[in-house]
Amino acid sequence: MADSSSDETCPEREWETPPDSFVEQANVAAADRDAFEERGWPGCWSVAADLLDWDRPFDAVLDDEGATRWFPGGRLNASYNCVDRHVEAGRGDETAITWEGKLGETRAYSYRELAGEVNAFAAALRELGVGEGDVVTLYLPMIPELPVAMLACARIGAPHSVVFAGFSADALATRLSGADSEYLVTCDGYYRRGTAIDLKRRADNACVSADHDVEQVVVNRLEDDRPVGDHHAYADLVAEHEGATVDPVSRGADDLLFYIYTSGTTGEPTLVRHTTGGYLTHVAWTSHAVLDLGPDDTHWCSADVGWITGHSYAVYGPLALGATTVLYEGTPDHPETDRLWEIIERNGVDVFYTAPTSIRAFMKWGEEHPEGHDLSSLRLLGSVGEPIDETAWHWYRDHVGDGDCPVVDTWWQTETGGIVLSTLPGVDRMRPGAVGKSLPGVETAVVDELGERVAAGEAGQLVVTRPWPGMARSLCEGAGWGARRTRTADGEWHYETGDNAVRDDDGYLHLLGRADDVVKVSDRRLSTTEIESAIVGVEGVAEAAVVVGADETAVQTSEIHAFVSPESNVAGDQTLRERVRDAVQEAIGPIAVPDVVTFAPSLPKTRSGKVVRRYLAAIASGEDLGDTSALRNPDVVGELESLVDR
Ligand code: WTA
């Protein structure tokens, strides 16, 4: 339903209103939003915390003296909240996880079955010596054993550290050592586009290079009895402990639930830690208020559980609310490009949450694929990870949502834990192309370099101006709040998100991309500095700069370009190109391998010697370069343009 009449600030943009049928059934209606806001910040967040069961009630919503602590004095267990309480409520036979395997297999876990396996694996972990506070690394593809292991860790108070299965052995080794993790749960291998990937070998290599001994538990996914090294078999452990009960360990609200590594602005992966009470409150509340989930819903968040989106909205959020979560091991185009629509139809998915990079791929493959399926079970669509442009927004709503599903664009980060900016689908109008507003209880601003607020319509950096429950632990520590923070002239603390944005007169934010060297490629968050460090480690390479360019030809719409300057006596040839690619593959994994490697005699630099990536990004995207006269070596730019080899 388009309505352009009441729009004064952006006349060229239409407002969209959710249909009455949606509004009438929404979890959060205008009155609920008002009641939440009336409590004021931070007290409003106790409404969100009420979605959980606490072993001991919290003494206050927020303690912001020195360190920032949400729900001090409160105690709870995440596994109890995501599993046991639904069984106790008589919902043990309802489906918790429904899994769609790569080879077309399916497996479903009722809440009772999930409780059984979580308890058995928690008992097994204990027997292996895992105690409260010990970090367990989970290096698994999208199989049900991954959420089971997460919940088993949560049950015994052992923070998990999930490492995306596409990462290399070196990347895993860095993360095992960095988190001081002595336990690893992995599998023999998995299927990707029909080929078996040997994960166990990567895990073994990582354990050899980790700086301490690592005990391994291995899930047999390939079921081909391939000989694997020293380890405990997951299936044997679960069978041995079948029927065991492990009392959920009561954790302080501020105790850690998990570690997750992400790409930051340095060459090293950044460790982000999330707390039990604040994080779980934030993801449960946003799953309820933004994704509109409840116990009767089937929710599909298509993100890999190896990334934060999968943690928050494929595992903890939907399970905390007692919904059914869909886990899919495969890719959207295998065996056919209508695979996702077939899964939605067969499972009667109510809410589908995916990334713009996937939506653009669906558009390219054609609307006949979603339209060939009965998707009438869908009630709400969500988008996350990158800005969703108006065309993609409308396509998604019209061809997947049958023209009337509300679409929520949701902005957040690994560091924020859960959704921070969006629209409440039962309350707010939507403006395609704009993400929405700060959620109730969250305060943000757009600021200039000095940290001062800019006027509506002006671009600046998006900052969060007050603590929120899902904030990562590192942002809570130290005086004031935020390790990554600025203090403005009037002494206010800000969390700097690293994203640029513009706020319109209606308070709707339009995201403009990152201001630092964190990039999104096919929904994966990567650091260009991290890729550059791997490249300059190659013998014969003098310098490298990595940028992301638009790619008009492939389904993914951005690609990684590496501009590499070899040492003077070294040839920039195919051999060196392969070595550059191999180095990145080894250091990070296939996800970060440059799509294009261009050898250059030198890189465009300022007179002070700083590489100007803006020109490289323009060259990579085939865009106009503009004025290059400020460069020390303007000639190299023209030369580079002719050298790019697609
Ligand atoms: C980007 C993923 C525009 C942003 C949840 C952010 C978005 C980074 C949106 C975090 C959105 C995420 N619109 N940009 N709706 N959602 N981003 O840590 O640049 O993998 O800083 O968390 O993704 O990526 P991360």
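Start at 1 and go down the list; that is how both ligands and their atoms are numbered.
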ring-ring contact (aromatic ring centres under 6.0 Å, His included) with W285: which of F36, Y316, Y279?
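So the option named by the test is F36.
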Under a 4.0 Å heavy-atom cut-off, which residues neighbour ligand 1?
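Contacts of ligand 1 under 4.0 Å: I308, T309, V384, G385, E386, P387, D409, T410, W411, W412, Q413, T414, D499, L511, R514, K520, R525.
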Please tell me whether W300 and Y313 form a close aromatic pair, meaning their ring centres lie under 6.0 Å apart.
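Between W300 and Y313, the centre distance exceeds or equals 6.0 Å.
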Can you tell whether the side chains of R379 and D292 come within less than 4.0 Å, N to carboxylate O?
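Yes, charged N to carboxylate O under 4.0 Å.
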Look at R397 together with D402 and state whether they make a salt bridge at an N to O cut-off of under 4.0 Å.
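Not counted as a salt bridge, because no side-chain N and carboxylate O are separated by less than 4.0 Å.
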Do the side-chain N and O atoms of D499 and W411 include a donor-acceptor pair separated by under 3.5 angstrom?
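Side-chain D/A pair, D499 to W411: present.
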Given 3.5 Å as the limit, does a donor-acceptor pair link the side chain of T528 with the main chain of V547, or not?
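Judged by distance alone, no pair lies under 3.5 Å.
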